[in-house]
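Accompanying notes for the structure given below.
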Amino acid sequence: MKWKIVILISYLMCIVILTGCFDANELDQLAISLVVGLDLENDKLLYTAEVIDLRYSSEGSGSINDVSVKYVQGTGNTVYEAFRDIPLKFGRRIYGAHIKAVIFGEDIAKKGLVPYMDVLFRSREIRESAYVIVAKGAKAYEVMGINSGSEQMPANYIVSVIESIEHNAKTIDTNIIDFINYYYRMGQHPVTAVLEKKEKLALNHTGEETGTQEFELSSIGSAVFKNDILVGYLNGNDTKSFNFILGNVNSGVITFPTPVEEDGNLFSFLVAIKVNTKNDVLLENDRIILKTKIKIKGYLGEVEGNIDITKGENLEKMAEACSKTVEEGIKSTVKKVQQEFGFDIFGFSHEFHKKYTNEWRKIEGNWDEIFAEADFEIEVDTDIISTGLLNKPLTVKEK
Amino acid sequence: MGKTKVKDKIYTHQAIFLITIYRSMTPLTYAPLLKSSFANQDTWFMILLSIPYTILYCLPLLYLSNKFMGMDLLEYTETITGKFVGRILETIYGIIFLFYLTFFTTSFIEILNSALYPNTPPWVNLSILIVTVIYIVSKGAMNIARLSEILFPILFFTFFMLLILGFEDYNFQYFFPILRDSTFKQLSLGAMLNSVYYIDILILVMLTSHLEKKKDLNKVFIHSLLYTAITTLFASVAIQATLGIAYAKYINFPFYNYARLIRIGDTMGFDLLYIITWMIGFIFRISGYFYITTVTFGKLFNVDERKTYIPITIIMIVVALYVQGKTTIVTEKIISPLFVIGVGSVGIILIPVILLITYFFRRKSIKSENTGSSKRN
């Protein structure tokens with residue numbers, strides 16, 4: 001019995017002591033990466049990684065303007081080769097388990113992303129939940145390293161501007177898994193987020209000290225792919241319309257002309273709190289009609305113009321104006337996509353597939369052409385459920 | 001196996017837990033149906049449809065085990081076919097059990113290496129596995145069954161927790177249109193494929209003699225079948241709704257990938273929870289196959305089961321290290337999935353059908369032999 005206890009204790013000790021000893025990832029030997037960028041440079045792949053500077057973190061010193069990250073680059077014929085080129089210059093292996101976003105330079109996106117994505121799926125470290133972003137009109141490394149937000153690290157700044165879809169649907173948050181599913185699903189092409197480097201108005205004087213504050217990143221708009229090849233961009237409003245059709249707008253803002261007979265451009269502002277989208281496809285005498293029905297619930301965030309919204313009919317006019325703006329915006333986006341791109345990014349194909357399964361089998365190979373020629377109908381219904389803390393605009397004077 | 005000791009009794013619920021854990025390891029590890037060419041948005045229906053197919057597939061074995069209540073698979077094989085042919089069939093069963101034992105061991109080592117410990121030499125994982133397995137098996141069938149009572153709630157609580165935690169990422173749109181793209185043939189072939197992976201009935205029919213209530217054999221089978229169908233269904237829906245139907249076909253270990261994607265705020269790493277429970281479940285499954293392999297070879301060579309531990313362990317080590325050092329088990333280079341299914345079908349369908357036919361021809365003489373032997377006893 002004694003021997004059994006001794007053996008058991010030794011065995012348990014071995015398990016405790018030896019656990020992960022071969023695969024130990026010591027913090028001081030890793031380069032923890034949060035964002036990576038992929039570019040083509042002289043026909044070679046250039047892998048740029050933003051890594052946390054652990055020295056900065058461990059010392060616990062430094063002001064907010066101190067650089068808490070480093071940028072490392074590697075080149076190679078494949079992504080993995082470029083990735084493994086980094087330790088030769090940096091001395092540490094890139095640890096990818098915390099990668100939150102993968103940025104592709106425009107040049108690589110125009111060649112097609114999927115061949116370069118293999119490593120993102122094959123690697124056990126990188127999670128498929130990382131965002132896919134295209135550096136609009138730039139190399140990936142050109143949009144990295146900019147931190148114009150209040151985040152301590154540029155990577156978190158990038159993630160926060162993408163996740164701002166919560167507040168404004170002029171961007172999109174496609175991740176790796178979404179991208180690959182768009183790619184595989186017949187009849188819907190991928191759309192991803194973009195990052196654009198923009199010069200910032202020189203209001204913030206601290207920028208002069210660090211040199212990193214003169215630019216900011218804009219995630220307004222989106223990148224449109226045919227299969228996995230970048231073919232163009234949608235602007236912010238089109239991206240918002242795209243998000244409306246996809247049902248991606250959970251909250252957000254809608255700016256619409258105030259329904260008053262005054263001169264000048266007077267706008268009001270609805271904060272959507274609930275948006276329901278229902279897409280449908282009709283097949284009538286060999287004619288395909290794409291249909292979208294959107295129901296918006298929200299409250300007024302801002303009212304310009306002399307309109308007394310305490311009156312029911314005026315509030316109704318405001319709701320109609322909002323609906324009309326959304327309708328027109330979406331119609332224009334669908335038309336633009338049909339004419340400029342000529343393929344379905346909205347997923348109407350799935351509605352057709354669901355409803356007309358037998359017909360779908362005959363046309364699935366030609367859906368893009370059919371989509372480009374299809375009619376589009378939209379119906380938007382807005383309910384304004386609150387006017388905020390004011391019941392009428394301040395411009396309406398009480399007599 | 002010989003005479004079953006009183007202390008080696010297995011209660012009905014323990015047997016249900018045991019078989020459910022063993023079988024659930026297949027969808028939670030490889031999810032073969034999701035990677036097959038039959039997989040589409042109607043895979044969930046194939047899983048439900050596989051219930052009657054599984055009953056049909058296992059019917060010969062179930063019938064014989066019910067007919068020879070109180071005997072295990074090897075015992076009634078010999079009773080039906082006689083000593084000489086019985087020995088041959090027992091040898092075949094021994095090889096089948098050994099095949100699955102080495103297959104699961106190699107898979108275990110490979111999954112650990114590719115998913116968790118890429119730099120750990122296979123022999124380290126193998127050593128830990130073997131010591132644990134031998135310890136579990138040395139405690140006998142009753143303790144294996146008792147262990148299932150402890151493991152079942154742990155494993156299934158974790159499984160359902162992971163399903164709930166990942167719910168936010170589910171996209172049920174992938175499952176449309178429902179049952180309109182698949183033909184009945186495709187649904188049936190998918191269902192059949194899912195049912196032929198129910199090889200764990202071999203464990204059940206090897207443990208029949210240990211069951212406290214031998215009449216509950218069918219109950220154990222049906223309950224474990226339903227529970228595993230539910231597990232397979234939930235796992236498949238979670239995987240396909242999260243990873244997409246097409247992408248799921250490309251993944252070696254789909255539920256692991258699903259668990260990797262779970263994220264609550266900035267908290268990630270729920271895959272570790274899966275890996276820990278999966279390791280426990282898989283080691284437990286390997287223990288079951290190790291147990292029936294030692295019982296079979298012990299009986300074949302007429303030696304104490306414990307004496308077969310070393311040779312069987314050596315075979316496990318040699319095969320696992322050879323495969324691990326040479327290639328990967330997930331490709332068809334060494335073993336095609338069809339071969340894995342084929343081996344199971346020999347043990348579950350082919351031999352039992354032969355036994356069944358022989359039984360119908362010889363049932364009178366078998367009855368008189370049994371009556372004679374019971375009188376002598």
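Each chain gets a letter, A, B and so on, in the order its sequence line appears, and its residues count up from 1. What you are looking at is a predicted structure, and each value in this text was computed from that prediction instead of being measured.
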Donor + acceptor pair across side chains of A:Arg93, A:Ser33 (<3.5 Å): no
So which of B:Pro118, B:Ala246, B:Gly244 has the biggest tally of heavy-atom pairs under 4.5 Å with chain A? B:Pro118
Contact class of B:Asp169 relative to chain A, heavy atoms under 4.5 angstrom: neither
Report which part of A:Ile126 has an atom under 4.5 Å of a heavy atom belonging to chain B: side chain, backbone, both, or neither. backbone
Do the side-chain N and O atoms of B:Thr29 and B:Trp278 include a donor-acceptor pair separated by under 3.5 angstrom? yes
Against the six-membered ring of B:Phe104, is B:Arg285 placed for a cation-pi contact (under 6.0 Å from the centre, within 45° of the normal)? yes
Atom group of B:Tyr174 that falls short of 4.5 Å from chain A, counting heavy atoms: both
Could you tell me which portion of A:His350 (side chain, backbone, both or neither) has an atom closer than 4.5 angstrom to a non-hydrogen atom of chain B? neither
Between A:Tyr131 and A:Glu163, is any side-chain donor less than 3.5 angstrom from a side-chain acceptor? yes
Ignoring hydrogens and geometry beyond distance, is a side-chain donor-acceptor pair present between B:Ser182 and B:Asn40 at under 3.5 Å? yes
Atom group of A:Arg185 that falls short of 4.5 Å from chain B, counting heavy atoms: side chain
B:Ile251, B:Ile245, B:Asn257, B:Leu243: which one forms the most heavy-atom pairs within less than 4.5 Å of chain A? B:Leu243
Audit row: A:Thr292, A:Asn279, side chain to side chain donor-acceptor pair (under 3.5 Å) steps and yes/no: CA-CA 4 Å; A:Thr292 294; A:Asn279 295 321; 3.0 Å; yes
